[in-house]
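Convention: sequence-line order gives letters A, B, ...; per-chain numbering from 1. Predicted, not measured: the structure shown is a model, and the values here were computed from it.
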Number of protein chains: 2
Amino acid sequence: MTKTVMNNTISVDCVIFGFDFEKLNVLLVDRELKDENNGEELFSDLTLTGNHIFENESLENAAARVLFDLTGLENIYLKQFGAFCDPGRLKRPNDQAWLRASGRDPESRIISVGYYSLLATENVTLKWKGRNVKWYPVSEVKDLAFDHMVILKSALQALRRELLHEPIGFELLPEKFTLSQLQKLYEVVLDVELDKRNFRKKIARMKYLIALDEKQKGVAHKPARLYMFSREVYEKTRKEVLDFNI
Amino acid sequence: MTKTVMNNTISVDCVIFGFDFEKLNVLLVDRELKDENNGEELFSDLTLTGNHIFENESLENAAARVLFDLTGLENIYLKQFGAFCDPGRLKRPNDQAWLRASGRDPESRIISVGYYSLLATENVTLKWKGRNVKWYPVSEVKDLAFDHMVILKSALQALRRELLHEPIGFELLPEKFTLSQLQKLYEVVLDVELDKRNFRKKIARMKYLIALDEKQKGVAHKPARLYMFSREVYEKTRKEVLDFNI
DNA sequence: TCAAAAGTGTTGTTGATACACCCATGT
DNA sequence: ACATGGGTGTATCAACAACACTTTTGA
């Protein structure tokens, strides 16, 4: 069996988060349906990135493939956060028209498994740039096609939860970053304000955050020290947390 | 469309956890395949409980239905924790034989969405009791059919994580319970030992744990005070936790 | 009267919170 | 020289960890 046989009932949707040091963004596809006769635009809206899986492909690989096709990046943080299969999820008029227009059975039940991934936007050059894929600030996304708004909200919730308990913030930053960038990331994703000194005291306890002998360059203020995350140190020093903060 | 049209590629598997004040148990089904000619047993092993979904049914409802059919209970805690769809998940010889014998296409790709649910075993009278559904201590489950061992481990991990951060322990206990029972629950599920006095100090901070004017009866020692969980108080007093213990 | 689990306080240590000023750089 | 964000310490309070004895019941 070759990789090209597609399964038509199982798909993955990728919520690709990107951080640009100011806000959290998500990669969305501009979907546009034109009248097949006169070419007039019937509607235009936004979807998450996603695709059906191949018959011999795992869900995780399918998600990684979607991500690779958009960014050319591999070994990116990917986390499954939910399965979406409500009977009505593809039943809105625009979605039905879209499915018909793209030759798919609008009646068939399709399950979608959600993965979110984390990127530093500065690392990314979009492969479909200028075509129909763009970064949008998460806070400004109001409506999406299908049930993708539900999926996005669920992804954001999963990301927040993960960020509170696992060291994954670094995945949204370049390899070397400043503590202010890291703090800003936490503030933006969790929607809180943090005290600089207290934040840094907390950081100091995380041995796997390595201070480099290197500083920012070209900034119009005191250049900040750069840090990086050491997975090796993390694995060695991680302690199982038993605080049940219920 | 009636409820009886089944979708043959999407299923739910339920990891039904039960606590008996001593250990954590899981409800498993004894699967037995007999030779169609001579009736000889070909193999016998264990599976999780689960079923395919109906065409007009949500995943969550399907899981609740599986649970209801086994226990007669409704409004039970149910949590989706993952989707399982690896290409090889139904490909082991026993599983292939089983699928063929039950008239299903052993080649077709089936996705299963995992839900775990929490029960106090003393509340349950199994509907299929004596037939093929039984409680097994989680710690003693070594092999399961299909990829169900993977699913069980994933469920346990999700349960532990949830137990650390949300008040769900009560779902594994009868409505009224003692603090020692609650402590034992945490110890068993998280596989840790806790100090009695420190545990009780922690409990004292949880306003939603209500001390009743009622005691255990018929125990051969000082009877313990009974407590119950108040969801109302919990909703009112919950504070968003911002400790990122990363 | 014995066995079994319930219930209860103190101390030392660690982490959380609140808060204000000087420093290094580019323009 | 000025604007900008970098970087630092202290004091108070809350939670965590370690630890041992008395009480109440049924058998």
Side-chain angles (χ1 to χ4, degrees), chain A residues 20-23 164-165 167 173-174 176-188 190 192-228 237-246, chain B residues 20-23 164-165 167 173-174 176-188 190 192-228 237-246:
Chain A
D20 60 9
F21 304 123
E22 292 199 345
K23 51 197 165 25
L164 285 171
H165 305 299
L173 293 169
K176 299 172 183 179
F177 51 85
T178 72
L179 293 186
S180 293
Q181 290 167 347
L182 185 62
Q183 181 180 337
K184 182 76 180 174
L185 188 165
Y186 277 89
E187 292 180 329
V188 165
L190 301 176
V192 291
E193 294 208 339
L194 300 172
D195 176 85
K196 185 160 57 159
R197 278 173 290 191
N198 293 338
F199 181 80
R200 288 158 113 96
K201 261 179 285 183
K202 195 147 193 163
I203 293 299
R205 265 176 269 124
M206 305 174 188
K207 303 298 184 212
Y208 48 84
L209 266 186
I210 314 290
L212 303 174
D213 283 329
E214 206 173 331
K215 306 208 160 185
Q216 269 185 319
K217 273 172 197 150
V219 288
H221 54 78
K222 178 170 174 180
R225 183 159 206 174
L226 295 176
Y227 287 74
M228 63 180 289
T237 61
R238 82 181 297 171
K239 53 173 194 296
E240 286 304 321
V241 188
L242 290 179
D243 290 12
F244 40 103
N245 295 310
I246 57 172
Chain B
D20 60 10
F21 305 122
E22 292 199 344
K23 50 196 165 26
L164 285 171
H165 305 300
L173 293 169
K176 299 171 183 181
F177 51 85
T178 72
L179 293 186
S180 293
Q181 289 167 348
L182 185 62
Q183 180 180 340
K184 182 77 180 172
L185 188 164
Y186 277 89
E187 292 180 331
V188 166
L190 301 176
V192 291
E193 294 208 339
L194 299 172
D195 176 84
K196 185 160 56 158
R197 279 173 288 190
N198 292 338
F199 181 81
R200 289 158 113 95
K201 260 178 287 184
K202 195 147 194 163
I203 293 299
R205 264 176 269 124
M206 305 175 187
K207 304 298 183 212
Y208 49 83
L209 266 185
I210 314 290
L212 303 173
D213 283 329
E214 208 173 330
K215 306 210 161 188
Q216 270 185 319
K217 274 172 197 150
V219 288
H221 52 78
K222 178 171 174 180
R225 183 160 205 174
L226 295 176
Y227 287 73
M228 62 179 289
T237 62
R238 82 182 296 170
K239 54 174 194 295
E240 287 303 322
V241 188
L242 289 179
D243 290 12
F244 40 103
N245 295 308
I246 58 172

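The two residues B:Leu212 and B:Tyr227 make their nearest non-hydrogen contact at CD1-C, 4.2 Å.
Here the straight-line distance linking atom CZ of A:Arg205 with atom OG1 of A:Thr237 works out to 13.5 Å at 0.5 Å rounding. One finds the CG atom of B:Leu173 at 13.0 Å from the NZ atom of B:Lys184 (value rounded to the nearest 0.5 Å). Taking NZ from A:Lys201 and CD1 from A:Ile203, the interatomic distance works out to 13.0 Å, rounded to the nearest 0.5 Å.
In this structure, A:Lys184 atom NZ and D:dG5 atom P are separated by 10 Å, rounded to whole Å. Atom C1' of nucleotide D:dG5 and atom CG of A:Leu182 are separated by 16 Å, given to the nearest angstrom. Put simply, CZ on A:Arg200 is 14 Å from P on D:dG5, counting in whole angstrom units. Atom CD of B:Gln216 is separated from atom C1' of C:dG7 by 13 Å (rounded to the nearest Å). Between the C1' atom of D:dG6 and the CG atom of A:Asp195 lies a distance of 14 Å, rounded to the nearest Å. Atom pair A:Lys196:NZ and C:dA18:P shows a separation of 17 Å (rounding to whole Å applied). To the nearest angstrom, C1' of C:dA6 lies 14 Å from CZ of B:Phe199. The separation between A:Gln183 atom CD and D:dG5 atom P is 13 Å, rounded to whole Å.
B:Lys23 is linked by a side-chain contact (heavy atoms from CB on, under 4.5 Å) to B:Asp20, B:Asn25, B:Pro137, counting only residues two or more places apart in sequence or in another chain. With sequence neighbours left out, the side-chain hydrogen bond (donor to acceptor under 3.5 Å, both in side chains) criterion links B:Gln216 to no other residue. The side-chain contact (heavy atoms from CB on, under 4.5 Å) check on A:Arg200 picks up A:Leu179, A:Ser180, A:Lys196, with sequence neighbours excluded.
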Provide a list of protein-nucleic acid N or O atom pairs under 3.5 angstrom, restricted to nucleotides 24-27 of chain C.
residue	atom	partner	partner atom	Å
C:dA24	N3	A:Lys222	N	2.9
C:dT25	O2	A:Ala220	O	3.3
C:dT25	O2	A:His221	N	3.2

Between protein and nucleotides 10-12 of chain C, what N or O pairs are separated by less than 3.5 Å?
residue	atom	partner	partner atom	Å
C:dT10	O4	B:Lys201	NZ	2.7

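In terms of phosphate contacts, B:Ser180 brings a side-chain nitrogen or oxygen within less than 4.0 Å of OP1 or OP2 of C:dA6. Side-chain nitrogen and oxygen atoms of B:Arg205 include at least one within less than 4.0 Å of the OP1 or OP2 phosphate oxygen of D:dC16. Considering only side-chain N and O atoms, A:Lys202 lies under 4.0 angstrom from the phosphate OP1 or OP2 of C:dA16.
Comparing C:dT8, D:dA15, C:dA20 by their nearest atom to the side chain of A:Arg197 picks out C:dA20.
Applying the salt bridge (Lys or Arg N to Asp or Glu O under 4.0 Å) definition to pairs two or more places apart or across chains, those involving residues 207-221 of chain A are A:Lys176-A:Glu214, A:Asp213-A:Arg225.
Dense packing is recorded around CD of B:Glu187, with more than 12 heavy atoms of other residues, nucleotides or ligands lying under 6.0 Å away.
B:Arg225 comes within contact range of the sugar-phosphate backbone alone, with a heavy-atom separation under 4.0 Å but no base atom that close.
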